[in-house]
S.K.: 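The structure follows.
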2 protein chains.
Amino acid sequence: MPPEDRPLRADAERNRRRLLEAAQAVFCERGLDAGVAEIAQRAGVGRGTLFRNFPTKQDLIAAIVVERMREAADHGRTLLDASDAAAAMFGFLDEMVGRQQLDRALFDAVADTWLANDEIRAAHAEVIGVLDELLRRAQESGDVRADVGAVDVLMLLKGVCEAASAFAQVDPAMVTRHLDLVRASLAAPAATPLRGRPPTLADVERGLPKPPATRAAS
Amino acid sequence: MPPEDRPLRADAERNRRRLLEAAQAVFCERGLDAGVAEIAQRAGVGRGTLFRNFPTKQDLIAAIVVERMREAADHGRTLLDASDAAAAMFGFLDEMVGRQQLDRALFDAVADTWLANDEIRAAHAEVIGVLDELLRRAQESGDVRADVGAVDVLMLLKGVCEAASAFAQVDPAMVTRHLDLVRASLAAPAATPLRGRPPTLADVERGLPKPPATRAAS
DNA sequence: ACCTGAACACCGTTCAAGT
DNA sequence: ACCTGAACACCGTTCAAGT
């Protein structure tokens, strides 16, 4: 195992890239149940090489998810200085839903892998950070109710994604419609206040899925 | 294979019951990844018997999900003559979220199995039918916006369930809060109308997951 | 008519041998 | 330092033999 940050040997680096690309394509076409054998073959490497780069299939999936989340966060940052703050935030939500419809298999995985993986955790925090700023601006503009937090909005978004991946590919209009409902729930002024306090990132990270359950238990 | 409706032999019927109970318990404790071996053992039968009753592990899961959906529909019907129609509908939504939190593994499965299975399809239609009536009454009472349909509401509900199973077991207040947001999105009068038309049951059933992909393809 | 468990197929993962 | 593919382990599913 090479020290943490030393750059990979040129061919190794290339293999890693190829594996990520192949995995992305295969998962997109065949779903997450696609075998690692196909991915390795498509990347032109042996199965062993796959597991050298990604100790587990889950890690391979996680690596792709992280890439996507980072892209989303980047896009969100470009919206930070838009004139219409509320439109910017909803545009961000739109984008994220669209992204997940491209290859829904990947985002299905987030539910499983979720925050068990450190890199996903970091990327996730990054997305929440951007959304938090977009939301704050929209609230300051008076178009979005003041008693919601970024995690609230992300929960709603996850709901839209879920519904979208369930059956909205038939008709993208359904996604638009569902987003309209989310917009309505976030509109200011709020008719009745929300109970409880806005969940924090810490709340989310505390609610981890059951521990990895390593087969080592006696 | 016995003719469709002939009652099973007494011991066979008992084995079927035991399998369902064992499966429910095991899935609840260990999640859907639990092995069929453990289920068969817990039920006190051989693995072959399991597959005689449920041709595939998915079918076993589906059978449990169908049971739960039927229970939910039954409960919904008891709410049909409540005095406060809106409260009745939201009570129904509450119940369904609570149910899915009991053993979330099962409802996670609905996303996979979803409408691929005929029995699930029927039970699903039943739930939508009840929800449709609850909704209609709530709309007539003037407390719920008129431009949403039962499928819209079910989509929102699925979002809540998703969010709940992701991290709400830490604090049930989060679910309450999310339901408050759903309530806000459904409140009458609607500030801005929804785009598109309410999705129908047919729309949902058209949006099936990729075909079973039987390994028979040449 | 139904039950059983050994055997099979499939797929994620490891590792000894190579370069 | 990295690659490879045969071998292993695990688990869903089948089926020949039993009652």
Side-chain angles (χ1 to χ4, degrees), chain A residues 1-20 22-23 26-27 30-64 105 109 112-113 212-217, chain B residues 1-20 22-23 26-27 30-64 105 109 112-113 116-117 212-217:
Chain A
M1 191 164 48
E4 195 62 7
D5 311 293
R6 188 142 35 141
L8 295 173
R9 222 169 64 179
D11 55 343
E13 177 61 30
R14 206 200 42 191
N15 282 339
R16 195 189 152 85
R17 278 270 140 68
R18 282 192 178 177
L19 277 166
L20 278 172
V26 170
F27 286 145
R30 306 236 193 297
L32 287 179
D33 288 338
V36 289
E38 185 179 349
I39 294 172
Q41 188 187 346
R42 185 113 144 208
V45 303
R47 280 193 290 284
T49 303
L50 192 158
F51 285 98
R52 162 168 267 269
N53 282 280
F54 308 96
T56 192
K57 187 184 180 182
Q58 286 280 345
D59 288 321
L60 174 57
I61 296 172
I64 302 179
D112 303 343
T113 324
T214 40
R215 219 168 301 242
Chain B
M1 191 166 45
E4 196 61 8
D5 310 294
R6 188 146 33 143
L8 295 172
R9 221 169 64 179
D11 55 345
E13 176 61 30
R14 204 200 43 191
N15 282 338
R16 195 189 152 85
R17 276 272 140 67
R18 281 192 178 177
L19 278 166
L20 279 172
V26 170
F27 285 145
R30 305 237 194 295
L32 287 178
D33 288 339
V36 289
E38 185 178 350
I39 294 172
Q41 189 187 346
R42 185 112 142 208
V45 303
R47 280 192 290 284
T49 302
L50 192 159
F51 285 98
R52 163 169 265 268
N53 281 279
F54 308 96
T56 191
K57 187 184 179 183
Q58 286 280 346
D59 287 321
L60 174 56
I61 296 172
I64 302 180
D112 303 342
T113 324
N117 177 302
T214 39
R215 219 168 302 239

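From a predicted model like this one, the values you see are computed outputs, not experimental measurements. To find a chain, count down the sequence lines: A is the first, B the second, and so on, and within it residues start at 1.
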S.K.: Of all the choices, dC2(D), dT4(C), dC2(C), which nucleotide is nearest to the side chain of Val45(B) once you look at every atom?
M.R.: dT4(C)
S.K.: For the pair made of CG in Leu50(A) and P in dC2(D), what is the distance, rounded to whole Å?
M.R.: 16 Å
S.K.: Given that both pair distances must be under 3.5 Å and the pair must be Watson-Crick or G-U, what runs of three or more consecutive pairs involve DNA chain C?
M.R.: C:4-8 with D:12-16, C:12-16 with D:4-8
S.K.: What's the shortest heavy-atom distance between Lys57(A) and Leu32(A), and which atoms?
M.R.: NZ-O, 3.0 Å
S.K.: Quick test: give all pairs of protein nitrogen or oxygen and nucleotides 12-16 of chain D nitrogen or oxygen below 3.5 Å, distance rounded to 0.1 Å.
M.R.:
{"from": "dG12(D)", "atom 1": "OP1", "to": "Lys57(B)", "atom 2": "NZ", "distance (Å)": "3.0"}
{"from": "dG12(D)", "atom 1": "OP2", "to": "Val36(B)", "atom 2": "N", "distance (Å)": "2.9"}
{"from": "dT13(D)", "atom 1": "OP1", "to": "Thr56(B)", "atom 2": "OG1", "distance (Å)": "2.6"}
{"from": "dT13(D)", "atom 1": "OP2", "to": "Lys57(B)", "atom 2": "N", "distance (Å)": "2.8"}
{"from": "dT13(D)", "atom 1": "O4", "to": "Arg47(B)", "atom 2": "NE", "distance (Å)": "3.4"}

S.K.: Restricting to non-hydrogen atoms, name the atom on Ala43(A) and the atom on Arg18(A) that form the minimum distance, rounded to 0.1 Å.
M.R.: O-CD, 3.4 Å
S.K.: Do other residues, nucleotides or ligands put more than 12 heavy atoms under 6.0 Å from the CD atom of Glu13(B)?
M.R.: yes
S.K.: To the nearest Å, how far apart are Arg52(A) CZ and dG5(D) P?
M.R.: 16 Å
S.K.: Using atom CD of Gln41(A) as one end and atom C1' of dC11(C) as the other, report the distance to the nearest whole Å.
M.R.: 15 Å
S.K.: Expressed in angstrom and rounded to an integer, what is the separation of Arg30(A) atom CZ from dC10(C) atom P?
M.R.: 16 Å
S.K.: Can you measure from CZ (Arg14(A)) to CZ (Arg9(A)) and round to the nearest 0.5 angstrom?
M.R.: 11.0 Å
S.K.: Rounding to an integer number of Å, can you tell me how far Asn53(B) CG sits from dC2(C) P?
M.R.: 9 Å
S.K.: My understanding is that only one of Ile61(B), Ile39(B), Leu19(B) makes a side-chain contact (heavy atoms from CB on, under 4.5 Å) with Phe54(B); could you say which?
M.R.: Leu19(B)
S.K.: Taking OP1 and OP2 of dC2(C), is either one under 4.0 Å from a side-chain nitrogen or oxygen of Asn15(B)?
M.R.: no
S.K.: What is the distance, rounded to the nearest whole Å, between atom CD1 of Ile39(A) and atom P of dT4(D)?
M.R.: 16 Å
S.K.: Just the rounded figure in Å: distance from P of dG5(D) to CD of Glu38(A).
M.R.: 17 Å
S.K.: Contact between Leu60(B) and Leu20(B) at the side-chain level, heavy atoms closer than 4.5 Å - yes or no?
M.R.: yes
S.K.: In this structure, how many angstroms lie between the P atom of dC3(C) and the CZ atom of Arg16(B), rounded?
M.R.: 12 Å
